[in-house]
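Let me begin by presenting the structure, written as structure tokens, before commenting on it.
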Amino acid sequence: MTTTMSGSDTRRGGADPSRPSGWLAGLIASAMLLGLAASEARAVTLRTGGTGAAIGMLERLGTAFTARNPDITLEVIPGLGSSGSIAAVVDGALDFAVAGRALKPEEAGKALTSTLMARTPFGLVSSHPAPGNIASRDVAALFVNPSATWPDGTRVRVILRPKSEADTANLGAAFPGMAAAIVALRDRHELPVATTDQDNVRIAAQIEGSLTAVSLSQMVTEAPDLHFLSIDGVEPTLENLRRGDYPFVKNFTIVFPARRSAALDRFVAFLRSPEGAMVLNASGSLAVQP
């Protein structure tokens, strides 16, 4: 006698033709895992670091770049400074660095390539809410005068940077007599010394009447509670820098090995693109074409 199964019997005890058999399901799962592994293998991480003033800018660039290039992630390592990040590129620990200065002769001989990436206004800031204007010829005197005050009588409190810090050299070269003033200030042991750019703005924001030098890029990306002085009646804005009205500038130099990866080439191309220039501008810097 022949027995015929109903549709419900097929669902309970028979093979469901709509579902793959065990060996086929395993094959599909293996293929999916292999595809995931291949995708992960194709993902690339670019590691970078540099001068503290560029950290926020690099983070913004990384977000925009990865949005366009989902297979490449930019990892920003803070706290290295210009010299530390350049040394890390030499050692292969970083794919590229962004320095706040040009390469030193001893660095240039280590199979490195560098190019100017961006420029940002470099100026004087204070925690004082209205520090006002100062003539460039008077800046050195403001720093060295222990009795100096702001317009409302608040005492000026200077913050120093280490001798090796790029901003120390930048500040010393910016104003008449400033290099000698910095040397003299080293003898005042009560003055705080900010090791990093991040320490600099943190200490300046905490001290009443502070005075230190900061780049517009860091002010824009970190938004510390500090206020720029205008110098010779000109404010440190991108537009004033672009027009040549504001002469005090900090340069960002990108440093990479002589042999670059394809992923790094794509990032450099992004930097030179209109979108990259927009991110730089929004971060307080002007893009510089090679």
Side-chain angles (χ1 to χ4, degrees), residues 49-59 76-88 97-102 104 120-129 131 134 139-146 148-150 154-175 177-229 231 236 248-253 283-285:
T51 178
I55 295 301
M57 176 183 70
L58 283 169
E59 290 172 346
V76 182
I77 312 298
L80 297 177
S82 295
S83 297
S85 60
I86 292 170
V98 174
R101 56 171 174 79
K104 296 177 181 179
T120 186
F122 181 72
L124 307 175
V125 299
S126 175
S127 60
H128 193 285
I134 188 169
V139 170
L142 177 67
F143 271 80
V144 297
N145 181 2
T149 61
W150 297 111
T154 301
R155 182 183 168 191
V156 173
R157 289 179 168 85
V158 173
I159 298 168
L160 294 176
R161 304 300 308 278
K163 292 180 181 179
S164 59
E165 169 60 40
D167 279 358
T168 298
N170 205 9
L171 179 61
F175 306 105
M178 195 64 214
I182 293 173
V183 173
L185 286 167
R186 300 283 179 202
D187 293 331
R188 291 176 56 185
H189 300 296
E190 79 279 9
L191 298 181
V193 178
T195 304
T196 69
D197 288 348
Q198 279 64 43
D199 289 338
N200 191 35
V201 297
R202 176 181 56 79
I203 294 171
Q206 292 172 348
I207 295 177
E208 183 184 19
S210 59
L211 174 63
T212 192
V214 177
S215 70
L216 178 63
S217 177
Q218 187 176 6
M219 289 285 283
V220 169
T221 58
E222 297 182 21
D225 190 14
L226 297 170
H227 309 274
F228 273 116
L229 286 75
I231 301 175
F248 310 108
V249 64
K250 181 183 179 83
N251 292 327
F252 292 124
T253 300
S283 302
S285 294

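Only this structure's heavy atoms are used, side chains among them; waters, hydrogens and symmetry mates stay out. Note that this is a predicted model, so its numbers are computed, not measured.
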Taking salt bridge (charged side-chain N to carboxylate O under 4.0 Å, His left out) as the test, write out the residues that go with R202, two or more places apart.
->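 For R202 the salt bridge (charged side-chain N to carboxylate O under 4.0 Å, His left out) partners, ignoring immediate neighbours, are D199.
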Pairing residues for R155 by the salt bridge (charged side-chain N to carboxylate O under 4.0 Å, His left out) criterion, not counting sequence neighbours |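 Once residues adjacent in sequence are excluded, R155 has no partner under the salt bridge (charged side-chain N to carboxylate O under 4.0 Å, His left out) criterion.
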Flag, side chain of [X] to backbone of [Y], donor-acceptor distance under 3.5 Å:
X	Y	answer
S126	H128	yes
R161	T196	yes
D167	A213	no
S217	S283	yes

Can you list every salt bridge (Lys or Arg N to Asp or Glu O under 4.0 Å) pair that touches residues 180-192, not counting sequence neighbours?
->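 Every pair satisfying salt bridge (Lys or Arg N to Asp or Glu O under 4.0 Å) with a residue in residues 180-192: R188-E190.
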Enumerate the residue pairs fulfilling side chain to side chain donor-acceptor pair (under 3.5 Å) with a member in residues 77-86, sequence neighbours excluded, ordered by first and then second residue.
->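 Only S83-R101 qualify under side chain to side chain donor-acceptor pair (under 3.5 Å).
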Side-chain contact test, heavy atoms from C-beta onward, threshold under 4.5 Å: evaluate it for [X] versus [Y] and give yes or no.
X	Y	result
V201	L226	yes
E165	T195	no
T154	T149	no
V249	T120	no

Taking only residues two or more places apart in sequence or in another chain, which ones pass side chain to side chain contact (heavy atoms under 4.5 Å, CB included) with V193?
->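 V193 satisfies side chain to side chain contact (heavy atoms under 4.5 Å, CB included) with L160, P162 only.
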Please identify each residue that fulfils side chain to side chain contact (heavy atoms under 4.5 Å, CB included) with P236, with sequence neighbours left out.
->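 Per chain and number, P236 pairs via side chain to side chain contact (heavy atoms under 4.5 Å, CB included) with P121, F228, Y246.
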Using distance alone, with no hydrogens and no angle criterion, decide if S210 and S127 have a side-chain donor and acceptor under 3.5 Å apart.
->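 Yes, side-chain donor-acceptor contact under 3.5 Å.
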Between F175 and F143, is the ring centre distance below 6.0 Å?
->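 Aromatic pair excluded; centres sit 6.0 Å or further apart.
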